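Reviewing the structure listed below.
Throughout, protein chains are lettered first and strands after them, A, B, ... in sequence-line order, and every chain is numbered starting at 1. If you're wondering where the values come from, they're calculated on a predicted model, not measured in any experiment.
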Number of protein chains: 2
Amino acid sequence: MTNDTTNSETHSETGAFSDPIDAVRPDDLRLEKFLPYRLSVLSNRVSNAIADAYSARFDLTIPAWRVMAILGRFPNLSAADLVEQTAMDKVAISRAVSILIKNDYITRSEDLADRRRQVLNLSELGRDVYERIVPLAQQYENDLMGSLSADERNQLDSIIEKLMARAQDWANRGLID
Amino acid sequence: MTNDTTNSETHSETGAFSDPIDAVRPDDLRLEKFLPYRLSVLSNRVSNAIADAYSARFDLTIPAWRVMAILGRFPNLSAADLVEQTAMDKVAISRAVSILIKNDYITRSEDLADRRRQVLNLSELGRDVYERIVPLAQQYENDLMGSLSADERNQLDSIIEKLMARAQDWANRGLID
DNA sequence: CGGCAGTGGTTACAATTGAAACCAATCTTA
DNA sequence: TAAGATTGGTTTCAATTGTAACCACTGCCG
């Protein structure tokens with residue numbers, strides 16, 4: 001597994017050149033220290049584990065579960081409202097909703113005031129599932145957070161906010177440079 | 001931002017109610033505070049921004065770029081070695097490699113000692129691209145990290161390690177419960 | 001009213017991803 | 001050295017996801 005035999009610790013002095021021309025060569029990128037990469041690996045590990053748990057027990061995908069999580073707290077939302085709350089896109093919401101309806105986890109009713117809108121709610125069954133799944137989710141959260149100290153938990157919270165804001169900037173203002 | 005109003009700090013003491021019936025209702029889950037969700041949103045934002053940058057400038061996908069990043073530091077790896085280094089799976093590596101070869105970014109040569117293995121390396125062109133893309137990646141990294149203090153950067157580093165280890169446990173020991 | 005821009009939501013299609021089957025070479029062991 | 005197990009890597013097929021086009025309805029403006 002962890003055979004780091006080839007890990008050349010030090011900044012690769014490929015040739016041991018004294019020649020300044022060599023200065024053009026950029027430092028190597030250490031992928032395992034590269035934040036975007038680490039975030040991606042971490043997020044995938046966590047999401048996959050949880051997705052397995054949800055699907056094994058409730059036959060729910062993550063997008064579907066997210067929709068339920070929001071509807072559990074905020075009844076009578078439309079799909080557009082969900083888009084706003086979840087940072088998922090239209091299509092993902094639409095698909096999740098249609099699965100949930102097929103499973104009778106949520107109900108859909110027309111909004112008489114605006115007949116384009118559809119008002120969504122957890123069904124009896126859906127609330128049932130919701131109430132069993134929330135503790136499960138919290139258990140995962142607690143287990144993750146349990147590996148951190150109280151200080152670290154607070155730090156993480158504010159760090160994530162900052163990184164999120166910066167990444168959001170990228171999307172808005174266009175990319176760097 | 002940091003509104004912890006509903007954070008019931010203590011381990012949910014489900015009892016303590018005057019009306020036991022009511023005890024059945026779980027606390028709502030606040031998706032926007034749920035770590036797996038936040039990680040996923042953050043990671044996606046970051047990855048998408050960077051993927052755009054790479055593909056716009058070098059016609060590279062993220063998996064392909066990762067392969068190049070590793071080969072830039074460690075020449076003469078096989079696909080299996082790459083699997084180990086990148087936490088990507090066989091198939092993803094195989095696909096990335098075949099794209100990179102088509103683009104003449106890497107070369108593939110048979111390993112005479114073991115004719116199943118193929119030894120991979122950056123081509124001239126590939127190293128060229130590598131040397132231009134590394135600074136770009138570092139720029140993104142710096143920009144992200146720039147939103148944090150030096151302390152926070154260190155904290156983040158160790159927090160990620162801890163979370164990663166915990167999530168890894170899940171995968172190994174099987175899920176919680 | 002009549003048209004036309006904007007919104008809510010779904011459908012259709014292409015690209016990406018994942019899982020399992022697969023081929024070929026090597027290693028093991030009898 | 002032959003048979004089965006293992007390893008390196010690719011292919012195939014299904015599921016997931018993203019993008020763009022689309023339909024139905026509303027709201028606005030002449």
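Between A:Arg66 atom CZ and D:dT17 atom C1' the separation is 13 Å, expressed in whole Å. One interatomic measurement links the two molecules: CD1 of A:Ile93 to P of C:dG8, which rounds to 13 Å at whole-angstrom precision. Across the protein-nucleic acid pair, B:Gln118 atom CD and C:dC23 atom P stand 18 Å apart, rounded to whole Å. If you measure from atom CD of B:Glu110 to atom P of D:dT10, you get 11 Å, rounded to the nearest angstrom. In this structure, B:Ile101 places its CD1 atom 11 Å from P of D:dG9, rounding to the nearest Å. The CG atom of B:Asp111 sits 15 Å away from the C1' atom of C:dC27 (whole-angstrom rounding). Distance CG (B:Asn48) to P (C:dT16): 13 Å, rounded to an integer number of Å. In this structure, A:Arg117 places its CZ atom 15 Å from C1' of C:dG6, rounding to the nearest Å.
Remark on DNA chain C: of its neighbouring residues A:Val119 and B:Pro63, the 5'-side contact belongs to A:Val119, judged by nearest-heavy-atom nucleotide. Ranked by how close their nearest DNA chain D nucleotide is to the 5' end, B:Asp81 and A:Asp89 are led by B:Asp81.
Nearest heavy atom pair, residue A:Asp28 against residue B:Gly72, reads OD1-O, 3.9 Å. When all heavy atoms of A:Gly126 and A:Met68 are compared, the closest pair comes out as O-CE, 3.3 Å.
Within the nucleic acid shown, B:Ser78 comes within 4.0 Å of sugar-phosphate atoms alone, with no base atom in reach, counting heavy atoms only.
Under the 3.5 Å distance criterion, with hydrogens and angles disregarded, a donor-acceptor pair is assigned to the side chains of A:Ser78 and A:Asp81. One side chain, A:Trp170 or B:Asp143, offers a donor N or O that lies under 3.5 Å from an acceptor on the other.
One finds a side-chain N or O of A:Arg115 lying less than 4.0 angstrom from the OP1 or OP2 phosphate oxygen of D:dT26. Close to D:dA24, at under 4.0 Å from its OP1 or OP2, lies no side-chain N or O of A:Arg116. Phosphate proximity of C:dT10 to A:Arg108: present, with a side-chain N or O under 4.0 Å from OP1 or OP2. For D:dT10, one of the phosphate oxygens OP1 or OP2 lies less than 4.0 angstrom from a side-chain nitrogen or oxygen of B:Ser94.
At a cut-off of 3.5 angstrom, the base of D:dG18 holds at least one donor-acceptor pair with the side chain of A:Arg95.
Ring centers of A:Trp65 and A:Phe58: at least 6.0 Å apart, outside the cut-off.
When distances run from any side-chain atom of A:Lys90 to the nucleotides C:dT10, D:dG9, C:dA25, the shortest one goes to C:dT10.
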